[in-house]
Amino acid sequence: PLKYLRYAIGEIILVVIGILIALQINNWNEQRKNQDDVNLSLFQILNDLKQEELLLQEHNLLSKKTIDYLGNISKGNYNAVRLDSLLIYLDKYFYFLKNNNAYSGLKETGKFSNINNPILKAEITSYYEEGYETLIADTQYGEAYTNTQVVPYVIANLEPDTNFLTRDELVLNKLKTTNLKYIINYQIGLKKFVVVHLESAIQNNNKLITQIQTELKKLK
């Protein structure tokens, strides 16, 4: 009986050890799967950021070009620009579109918590939550001002044609007799405000790209 009991206990121990090993392997596989998912998501966020950088740079360039054009008119440098194109520049406002599919996917699936680097998690959250909020606010304000102030003025005073062009002499006359110059100056101020936020967003974008690239190298 004692010999049989020892044998039975040994069998039980072997079974328990086998179960523990299987659980450990399963746990390791699950962790590895979660890490692979996180790596893929980080790689997708990285691609989103690189595409967004190009768009932000383009918006920044267009905003500065608009500031330069309107600035010449405000200063009276009429020979430096085409006055008949005023409507094209006056009606422009920064319009931001979200590019956060990978980040949203991580949050919706609850896998964002699987990112082990707390600093990286904080930077990603700040970029997409706080950074986006600023750019969206710029878009909403610019759109509201353009639609409520600029467009009505243009339709009532500058006689736009089908190509959204006007006449040089009409622009010169309205600059002297109406509040056109004040509208131009206000648009310049709005554009400068947007440029500050765009350049900050570009800087944060580049910083986050570098951080994610570093993290992906560590996880290889």
Side-chain angles (χ1 to χ4, degrees), residues 32-70 87-151 164 186-220:
R32 185 61 188 174
K33 182 178 179 300
N34 289 338
Q35 190 60 61
D36 289 341
D37 289 342
V38 169
N39 290 356
L40 178 60
S41 297
L42 286 177
F43 185 76
Q44 291 171 338
I45 289 176
L46 185 62
N47 286 335
D48 285 351
L49 289 170
K50 289 179 178 179
Q51 293 174 12
E52 189 161 79
E53 180 191 13
L54 297 177
L55 293 175
L56 292 173
Q57 293 283 10
E58 183 178 351
H59 280 305
N60 196 32
L61 182 63
L62 288 174
S63 294
K64 289 181 177 179
K65 184 178 179 181
T66 301
I67 291 171
D68 184 61
Y69 176 92
L70 295 177
L87 310 185
I88 297 174
Y89 289 91
L90 199 59
D91 190 38
K92 285 182 179 177
Y93 60 89
F94 165 63
Y95 191 84
F96 178 71
L97 288 174
K98 293 181 179 181
N99 187 29
N100 62 341
N101 291 335
Y103 171 70
S104 296
L106 266 181
K107 286 186 63 180
E108 289 171 4
T109 59
K111 294 179 179 179
F112 187 69
S113 60
N114 292 334
I115 298 176
N116 294 321
N117 187 331
I119 296 176
L120 180 59
K121 286 171 66 175
E123 291 291 343
I124 292 175
T125 301
S126 175
Y127 181 86
Y128 283 109
E129 302 295 339
E130 298 172 18
Y132 270 26
E133 184 177 339
T134 299
L135 297 178
I136 290 171
D138 286 343
T139 293
Q140 292 173 341
Y141 190 85
E143 183 177 21
Y145 179 77
T146 300
N147 290 336
T148 60
Q149 301 296 323
V150 177
V151 173
F164 213 55
Y186 196 80
Q187 281 289 58
I188 291 172
L190 285 181
K191 290 290 182 295
K192 287 182 177 180
F193 199 62
V194 168
V195 165
V196 170
H197 291 159
L198 282 170
E199 292 185 343
S200 176
I202 292 169
Q203 183 178 359
N204 292 334
N205 177 288
N206 293 337
K207 177 183 177 183
L208 190 53
I209 285 176
T210 301
Q211 289 176 309
I212 292 177
Q213 287 174 332
T214 302
E215 184 71 12
L216 287 172
K217 288 179 181 178
K218 286 165 51 180
L219 297 174
K220 281 185 178 180

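Below, all heavy atoms of this structure are taken into account, side chains as well, without hydrogens, waters or symmetry copies.
Every side chain to side chain contact (heavy atoms under 4.5 Å, CB included) that Glu199 has, sequence neighbours left out, goes to Asn60, Lys64, Val195. Applying the side chain to side chain donor-acceptor pair (under 3.5 Å) criterion to Tyr95, with sequence neighbours excluded, gives no partner residue.
Applying side-chain contact (heavy atoms from CB on, under 4.5 Å) to Ile212 and the options Leu208, Thr214, Thr210, Ile209 leaves one that passes, Leu208.
Counting heavy atoms of neighbouring residues, nucleotides and ligands inside a 6.0 Å radius, atom CD of Gln203 does not exceed 12 of them. Around the CD atom of Gln213, the shell of radius 6.0 Å holds more than 12 heavy atoms that belong to other residues, nucleotides or ligands. Counting non-hydrogen atoms of other residues, nucleotides and ligands closer than 6.0 Å to CG of Leu54 gives a total above 12. Annotation for Phe164: atom CZ counts as buried by contact number, over 12 foreign heavy atoms lying within 6.0 Å.
Expressed to the nearest 0.5 Å, how far CG of Leu49 lies from CG of Asn206 amounts to 9.5 Å. The NZ atom of Lys121 lies 8.0 Å from the CG atom of Asn114; values are rounded to the nearest 0.5 Å. To the nearest 0.5 Å, atom CG of residue Leu40 and atom CD1 of residue Ile45 are 10.0 Å apart. Separation of atoms NE2 (His59) and CG (Leu97) is listed at 7.0 Å; rounding is to 0.5 Å. Here the CG atom belonging to Asn47 is positioned 11.5 Å from the CG atom belonging to Leu42, to the nearest 0.5 angstrom. Note: Asn204 CG to Ser126 OG = 6.5 Å, rounded to the nearest 0.5 Å.
Ring centers of Tyr141 and Tyr93: at least 6.0 Å apart, outside the cut-off.
The backbone N or O of Leu87 lies less than 3.5 Å from no partner atom in the side chain of Asp91, so there is not a single donor-acceptor pair. Looking only at distances, a side-chain donor or acceptor of Lys191 sits under 3.5 Å from a matching main-chain atom of Lys92.
Residues Asn100 and Asp48 fail the side-chain proximity criterion, which asks for heavy atoms closer than 4.5 Å. Taking the side chain as every heavy atom from C-beta outward, Tyr69 and Ile188 never approach each other to under 4.5 Å. Contact of the Gln187 side chain with the Tyr145 side chain is registered, since non-hydrogen atoms from C-beta on lie closer than 4.5 Å.
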Decide side chain to side chain contact (heavy atoms under 4.5 Å, CB included) for Lys98 and Ile136; before the verdict, give the C-alpha distance in whole Å, the side-chain angles of both, and the deciding distance to 0.1 Å. CA-CA 9 Å; Lys98 293 181 179 181; Ile136 290 171; 3.4 Å; yes
Check the pair Glu215 / Asn117 against side-chain hydrogen bond (donor to acceptor under 3.5 Å, both in side chains), numbers first and verdict last. CA-CA 8 Å; Glu215 184 71 12; Asn117 187 331; 2.9 Å; yes
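Residue Leu135 comes nearest to Leu56 through the heavy atom pair CD1-CD2, 4.2 Å, listed as atom of the first residue, atom of the second, then distance. The two atoms that bring Ala102 and Ser41 nearest to each other are CB-O, 4.1 Å, heavy atoms only. Contact record, Asp138 with Phe94: CB-CD2, 4.1 Å, taken as the closest heavy-atom pair. Lys107 approaches Glu129 most closely through the heavy-atom pair NZ-OE2, 3.1 Å.
With respect to the salt-bridge test (charged N to carboxylate O, under 4.0 angstrom), the residues Glu53 and Lys50 do not qualify.
In the model, Tyr127 has a side-chain atom that pairs as donor or acceptor with a side-chain atom of Glu52 under 3.5 Å.
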